[in-house]
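Take a look at the structure below.
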Amino acid sequence: MMTGFFTSDGEPALSVHVAGPAGNLDVDAVIDTGFNGELTLPHEQIDTLDLPEATITEVTLADGRVRDVPLYEAKALLSGVTREVFVAEAPTMPLIGTGLLRGFSLHIEFQAEGTIQVEPLSSSS
């Protein structure tokens, strides 16, 4: 099990270990249940890791705009589980989407001193 934290803006977040051909980064990423992808990173972090571009996908933004976004290949370590993920380039704070949380239990207490816990689901779930 891993624990998360709340950002200064009160958003739930987790630290994710991301690996690419040029090395590794520990990234603090906001949990975004409205994002069904796996992970977003800003261009600078994608360059630092030298992530290879895998494909381009069409996304619909929260404001309804549609645009093409490149997806890059990386490995992400979350709660002791490493998996290959697609990283979308975004000019915001890194985001963890529901795609990366698939196969995990997420518990968030939205209160002062609240906790955030993530753990892998058992294989029988």
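FYI, the numbering just counts along the sequence from 1.
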hydrophobic_cluster_shared for [Y] and [X], side chain cutoff 4.5 Å:
{"X": "F110", "Y": "L106", "value": "yes"}
{"X": "L101", "Y": "L95", "value": "no"}
{"X": "V59", "Y": "L41", "value": "no"}
{"X": "F104", "Y": "M2", "value": "yes"}
{"X": "I46", "Y": "V69", "value": "no"}

(message) Just checking N24: does its CG atom have more than 12 heavy atoms from other residues, nucleotides or ligands closer to it than 6.0 angstrom?
(response)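 More than 12 within 6.0 Å, yes.
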Solution key, residues 70-88 side-chain donor-acceptor pairs under 3.5 Å, sequence neighbours excluded:
| unit_1 | atom_1 | unit_2 | atom_2 | d |
| --- | --- | --- | --- | --- |
| Y72 | OH | E89 | OE1 | 3.2 |
| S79 | OG | V118 | O | 3.1 |
| R83 | NH1 | L100 | O | 3.0 |
| R83 | NH1 | R102 | O | 3.1 |
| R83 | NH2 | R102 | O | 3.0 |

(request) Please assess V18 against Q45 for the test side chain to side chain contact (heavy atoms under 4.5 Å, CB included), listing each intermediate value before the final yes or no. (result) CA-CA 10 Å; V18 184; Q45 290 178 329; over 6 Å; no
(request) List the atom of L51, the atom of A19, and the distance in Å for their closest heavy-atom pair. (result)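 Heavy atoms only, the tightest pair is CD2-O, 4.1 Å.
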How many angstroms lie between atom [atom1] of [X] and atom [atom2] of [Y], to the nearest 0.5 angstrom?
{"X": "E119", "Y": "H107", "atom1": "CD", "atom2": "NE2", "answer": "10.5 Å"}
{"X": "I108", "Y": "F6", "atom1": "CD1", "atom2": "CZ", "answer": "6.5 Å"}
{"X": "E38", "Y": "I96", "atom1": "CD", "atom2": "CD1", "answer": "11.5 Å"}

Could you check whether any side-chain heavy atom of [X] comes within less than 4.5 Å of a side-chain heavy atom of [Y], counting everything from C-beta outward?
{"X": "I116", "Y": "I31", "value": "yes"}
{"X": "L49", "Y": "L25", "value": "yes"}
{"X": "P94", "Y": "V30", "value": "no"}

(request) Write out all pairs satisfying side chain to side chain donor-acceptor pair (under 3.5 Å) with one or both partners inside residues 9-19, taking only residues at least two apart or from two chains. (result)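 Qualifying pairs, neighbours excluded: S15-D28, H17-D26.
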